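Just so we're clear, the structure is a prediction, and the values are computed from it rather than from any experiment. Chain letters run A, B, ... following the sequence lines, proteins first and then strands; every chain starts at 1.
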Amino acid sequence: MKKEFIIARKEMREILQSKSSLFFALGYPIFFSVMTALGIRKIPGTMDTVIFYIPLLIGILFAYVSTGRIFFREKQDKIIETLLCTPLSLKRLWLGKVLGAAIPSYAVSIFSAILIVLVSNTLMKSLVLPSPILLLHMLITIPLFLLVVVGLIGFLYLLAGMREIRAAGTVIFVVIFGALFGGLRLIGKSHISWLIEVALMIISLFLVILTGYLTRYLSKERIVTTIT
Amino acid sequence: MIEVRNLTKKFGKRTVLNNITFSVAEGEVFGYLGPNGAGKTTTMRIILGLLNPTSGKVLVMGKDLAEDDEARRSIGVALENDGLYEDLSAYDNLEYYAQLYDVSRCKERIEELLKFVGLYERRNEKVGVFSKGMRRKLAIARAIIHDPKILFLDEPSTGLDPEAQIMVRELILELSKERKTIFLNSHDLDEVQRICNRIAILHKGRIMVCDAVESLRKRFSKPMVSILMSDEENGRRVLEVLNSLDFVSGCEIKDKTITLILKEEKQPNLLKILTENGIEVEEIKKVRKSLEDIYLEIMQKEEIR
Ligand SMILES: Nc1ncnc2c1ncn2[C@@H]1O[C@H](COP(=O)(O)OP(=O)(O)O)[C@@H](O)[C@H]1O
Ligand SMILES: [Mg+2]
């Protein structure tokens, strides 16, 4: 795993050195948590639903932006060709990059959850904390979900031609958000039950395994010939 | 060190490399020369394991780089793209690759290389502000960070201004003195003649010539005569006659045309000798082709196409 973390660290370093990424990393959480905290104050008992959706949403948003940087740009710049000549296997390279996008996205996600709790409590007189189910959500489901999002988009970026990528990226984005908002409407304002949480966790675990399985369809020839 | 045997590569129906065979020995600086689109990059990519051959075999130190991850430790590459991150400093770029290759005493090695390519003073600046020439030099430092046995360079001086080209060439010459095996793609005959000790000329996916620079120079600096015979029936006998002449150093026959390589400029009456031996001749003409002429012909054909 050492090499994967070397790659991941390099990716994170680049994210930290890019002003636009930092702006996203701080801007999204602050904007959304203040907005939703105001909502929580008006409608009591919505804390759980907000913590269920908003940090995940922000995490995915950030993951999407980072994946573009980490996978798409390196392919476009052809840097990836040089990396493919190192002793790293293609799969480990992919994993390193996935971690490099997923870890900061998760950090942003946690950051926004903390902000939501802090801001809404500052606005309210009584102390409101999310229920324990949400701890499971934050600690397991969200990181798994982010791995899936980054892994799948990264996989597609490596596999597809540059023109298809631009189209595919938008489609993926719409699908993810469609699914999320669809879910939100379905559950409505009903509180988040263990059943929902565990089901979501199992689904994301399944998707993680599926994504790992898909990587066997990656090939160097495919990557090199889809660069132009 | 590098073995390429009967390599053919097709993209769809298009044959880009057609039955290519050559080998590169240890310590050799091998110039792989050809006009744009000849198939140089494709060949290199196949050797590096980035593309699969349609048929044929490619081995680097006896191994297939596509299959053997560890074997790639002994090669370094500077491809068309420099493989550098613009947002990271020169030092950080080298450090990243040093870590990927498990270079020991990382800091010393990086500093040594930065000095070697003359970028030590600017090690903490982002690569984004570097000129093309500086980037290319850093890319070469990056390629040799793990002290590879073989170095692959894809057109290292292309796209640089003349001054930077000279610097990069000097750098490569420096490396060749360290007995590194170097595989160099280039479209510039002059560059290749200066740096390399062996050359292959590639044209439309076929190797036209492959020889040591010295013997190529000899081969193409001798006067040659081309003879067009009336008929091609007695080819064997004609060769015998010609080879027995003491001013002839070599002789090739193809259909009705014989190409003679002469030992010196002046030759006795060739026409008389031939007719005396009962060989009917339609035409005799002097030809003189230097390596430059041959390469120029190839390049011009390319432009017309
Ligand atoms: N992925 C590809 N798909 C189809 N044709 C390709 C591909 N890569 C290269 N070619 C073709 O192969 C030929 C050789 O290309 P290349 O090896 O890049 O030449 P060189 O490096 O000598 O300029 C060119 O005509 C190019 O168009
Ligand atoms: Mg090329």
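For A/F31, the CZ atom sits in a loose shell: 12 or fewer heavy atoms of surrounding residues, nucleotides or ligands are nearer than 6.0 Å.
In this structure a side-chain-to-backbone donor-acceptor pair under 3.5 Å is present from A/Y106 to A/M138. No side-chain donor-acceptor contact under 3.5 Å links A/S109 to the backbone of A/S105.
The aromatic rings of A/H137 and A/F52 lie parallel to each other, their planes meeting at an angle below 30°, with 60° marking the opposite boundary. Between A/F32 and A/Y28, the two ring planes are tilted [angle within 30° to 60°].
Contact count versus chain A (heavy atoms, under 4.5 Å) is highest, among B/V77, B/L48, B/L51, B/L50, for B/L50.
In this structure, the portions of A/I7 lying under 4.5 Å from any heavy atom of chain B include both its backbone and its side chain. For B/L84, the part sitting under 4.5 Å from any heavy atom of chain A is the backbone (N, CA, C, O) and nothing else.
Remark: aromatic rings of A/F71 and A/F155 are distant, center separation not under 6.0 Å. Residues B/F183 and B/F152 bring their aromatic ring centres within 6.0 Å.
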Polar contacts chain A-chain B (donor-acceptor, d < 3.5 Å, no H, no angle):
residue: A/K3; atom: NZ; partner: B/D102; partner atom: OD1; Å: 3.2
residue: A/K3; atom: NZ; partner: B/D102; partner atom: OD2; Å: 2.9
residue: A/R9; atom: NH2; partner: B/Q99; partner atom: OE1; Å: 3.3
residue: A/R13; atom: NH2; partner: B/D92; partner atom: OD1; Å: 3.0
residue: A/R13; atom: NH2; partner: B/D92; partner atom: OD2; Å: 3.0
residue: A/R69; atom: NH2; partner: B/D87; partner atom: OD2; Å: 3.4
residue: A/E74; atom: OE1; partner: B/Y85; partner atom: OH; Å: 3.3
residue: A/E74; atom: OE2; partner: B/Y85; partner atom: OH; Å: 3.0
residue: A/D77; atom: O; partner: B/N81; partner atom: ND2; Å: 2.5
residue: A/K78; atom: NZ; partner: B/E80; partner atom: OE2; Å: 3.3
residue: A/E81; atom: OE1; partner: B/R45; partner atom: NH2; Å: 3.4
residue: A/E81; atom: OE2; partner: B/R45; partner atom: NE; Å: 2.6
residue: A/E81; atom: OE2; partner: B/R45; partner atom: NH2; Å: 3.3
residue: A/T86; atom: O; partner: B/R72; partner atom: NE; Å: 2.7
residue: A/T86; atom: O; partner: B/R72; partner atom: NH2; Å: 3.2
residue: A/L88; atom: O; partner: B/R72; partner atom: NH2; Å: 2.9
residue: A/E221; atom: N; partner: B/L50; partner atom: O; Å: 3.2
residue: A/E221; atom: OE1; partner: B/K9; partner atom: NZ; Å: 3.4
residue: A/E221; atom: OE1; partner: B/N52; partner atom: N; Å: 2.6
residue: A/E221; atom: OE1; partner: B/N52; partner atom: ND2; Å: 3.3
residue: A/E221; atom: OE2; partner: B/K9; partner atom: NZ; Å: 2.9

